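Accompanying notes for the structure given below.
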Amino acid sequence: MPTSVLLAGIFFLAAACSGPSPRPPAPDLVDLAVVDATIQLDLRYATTDNFTGVAVYPVARCLLRRDAADRLARVQRRLRAEGLGLLVWDCYRPLSVQERFWTLVPDERYVARPERRDGHPLAGSKHNRGAAVDVTLVDAAGKKLAMPTGFDDFSERAHRGASAVPPVARANAARLESAMTAEGFEPLATEWWHFDAPGWQAYQLLDVPLE
């Protein structure tokens, strides 16, 4: 073998060994619009129509862990058979956004306290794991049904089982909860719209961009 060819091979191997290490596999986040395009989206944090008054998401995109997205699609099929459907307000949320929320509402009844250690996520919301959704019901025409409160209402009227709620709104919230829990979702006591996917503990906290 010519010396020049041998040297070229040595240089190639050295470059390969000293190059950047492979990137870790991406989290199994999927786009809900791809999984089930019939689910309506109104991603409030990509607009100014939210409790912060500013758009905190750069894009209106609902990402979820694959299992959570598949379960939500099954809820949608169940509801569509009854002339109803889902409208989603929030899905995966980067931890950096959670930190911004905490500065505005430092109340663990409504906002999970975010924590980092050496720059790495240590604690946060199930939304930061891609394993939580904020949803409501719509009719066959896409009109929102009456519910106990609006989205992100930080009052006790938003709690499940609140007494000062019209009967129709209470019944609609119960119908939503029934459909979600039938597919394993776990309701949050203080927010009628919030549901956690089963097994959320197994998913890591994330701060990857929505883009």
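A quick note: this is a predicted structure, and the numbers were derived from the prediction, not measured.
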Legend entry - Rounded distance [0.5 Å steps], CD in Gln40 versus OG1 in Thr136: 10.5 Å

Inset, instruction - To the nearest 0.5 Å, tell me how far Leu43 CG sits from Leu87 CG. - result: 8.5 Å

If hydrophobic clusters are built from ILVMFWY residues whose side chains come within less than 4.5 Å, do [X] and [Y] share one?
X: Leu86; Y: Leu188; value: no
X: Leu104; Y: Leu95; value: no
X: Leu32; Y: Leu176; value: yes
X: Val168; Y: Trp193; value: no

Inset, instruction - Could you list all the side chain to side chain donor-acceptor pair (under 3.5 Å) pairs where at least one residue sits in residues 156-165, not counting sequence neighbours? - result: Tyr110-His159, Arg160-Glu177

State, to 0.1 Å, how close [X] and [Y] come at their nearest heavy-atom pair, and which atoms those are.
X: Pro58; Y: Glu211; result: CG-OE2, 3.5 Å
X: Ala73; Y: Val35; result: CB-CG1, 4.1 Å
X: Leu79; Y: Ala179; result: CD2-CB, 3.8 Å
X: Trp102; Y: Val111; result: CZ3-O, 3.2 Å
X: Ala69; Y: Val30; result: CB-CG2, 3.6 Å
X: Asn128; Y: Arg93; result: ND2-O, 2.7 Å

Using the test salt bridge (charged side-chain N to carboxylate O under 4.0 Å, His left out), find all partners of [X] that sit at least two apart in sequence or belong to another chain.
X: Asp42; answer: Arg44
X: Arg129; answer: none
X: Asp134; answer: none
X: Asp36; answer: none

Inset, instruction - Output all residues satisfying side-chain contact (heavy atoms from CB on, under 4.5 Å) with Asp31, sequence neighbours left out; order by chain, then residue number. - result: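 Per chain and number, Asp31 pairs via side-chain contact (heavy atoms from CB on, under 4.5 Å) with Ala33, Val34, Arg61, Leu63.
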
Legend entry - Any residue meeting side-chain contact (heavy atoms from CB on, under 4.5 Å) with Ala173, in chain and number order, not counting sequence neighbours: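 Once residues adjacent in sequence are excluded, the partners of Ala173 under the side-chain contact (heavy atoms from CB on, under 4.5 Å) criterion are Met147, Pro148.
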
Inset, instruction - Go through the steps to decide whether Leu145 and Leu84 satisfy the test side-chain contact (heavy atoms from CB on, under 4.5 Å), and finish with yes or no. - result: CA-CA 9 Å; Leu145 300 190; Leu84 300 172; 3.9 Å; yes

Inset, instruction - Decide yes or no on side-chain contact (heavy atoms from CB on, under 4.5 Å) for Val88 and Leu72, but give the supporting numbers first. - result: CA-CA 10 Å; Val88 178; Leu72 204 62; 4.2 Å; yes

Inset, instruction - Take Leu210 and Val97 through the side-chain contact (heavy atoms from CB on, under 4.5 Å) test and state the conclusion after the steps. - result: CA-CA 11 Å; Leu210 280 167; Val97 176; over 6 Å; no

Legend entry - Intermediate values then yes/no, side-chain contact (heavy atoms from CB on, under 4.5 Å), Arg100 and Val54: CA-CA 11 Å; Arg100 189 172 183 181; Val54 297; 3.5 Å; yes

Inset, instruction - Could you list all the salt bridge (Lys or Arg N to Asp or Glu O under 4.0 Å) pairs where at least one residue sits in residues 136-153, not counting sequence neighbours? - result: none

Inset, instruction - Could you list all the salt bridge (Lys or Arg N to Asp or Glu O under 4.0 Å) pairs where at least one residue sits in residues 74-89, not counting sequence neighbours? - result: Arg74-Glu183, Arg78-Glu183, Glu82-Arg175

Legend entry - Pair Trp192, Thr149: side-chain N/O donor-acceptor within cut-off below 3.5 Å: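 A pair is found: one side chain offers a donor N or O, the other an acceptor, under 3.5 Å apart.
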
Less than 3.5 Å apart, which donor and acceptor atoms pair up between the side chains of residues 195-205 and the rest of the protein, not counting sequence neighbours?
{"unit_1": "Asp196", "atom_1": "OD1", "unit_2": "His194", "atom_2": "NE2", "d": "2.6"}

Legend entry - Those residues that, when tested against Thr190, pass side-chain hydrogen bond (donor to acceptor under 3.5 Å, both in side chains) (two or more places apart): none

Legend entry - Donor-acceptor contact below 3.5 Å, side chain Gln76 vs main chain Thr38: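 Between the backbone of Thr38 and the side chain of Gln76 there is a qualifying donor-acceptor contact (under 3.5 Å).
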
Legend entry - Check: His127 side chain, Tyr92 main-chain N or O, donor-acceptor pair, under 3.5 Å: no

Legend entry - ring-ring contact (aromatic ring centres under 6.0 Å, His included) contacts touching residues 50-72 (sequence neighbours left out): Tyr45-Tyr57, Phe51-Phe101, Phe51-Phe154

Inset, instruction - Determine the sole option in Thr52, Thr48, Thr47 for which the side-chain hydrogen bond (donor to acceptor under 3.5 Å, both in side chains) test with Asn50 is passed. - result: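 For Asn50, the side-chain hydrogen bond (donor to acceptor under 3.5 Å, both in side chains) test succeeds with only one of Thr52, Thr48, Thr47, which is Thr52.
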
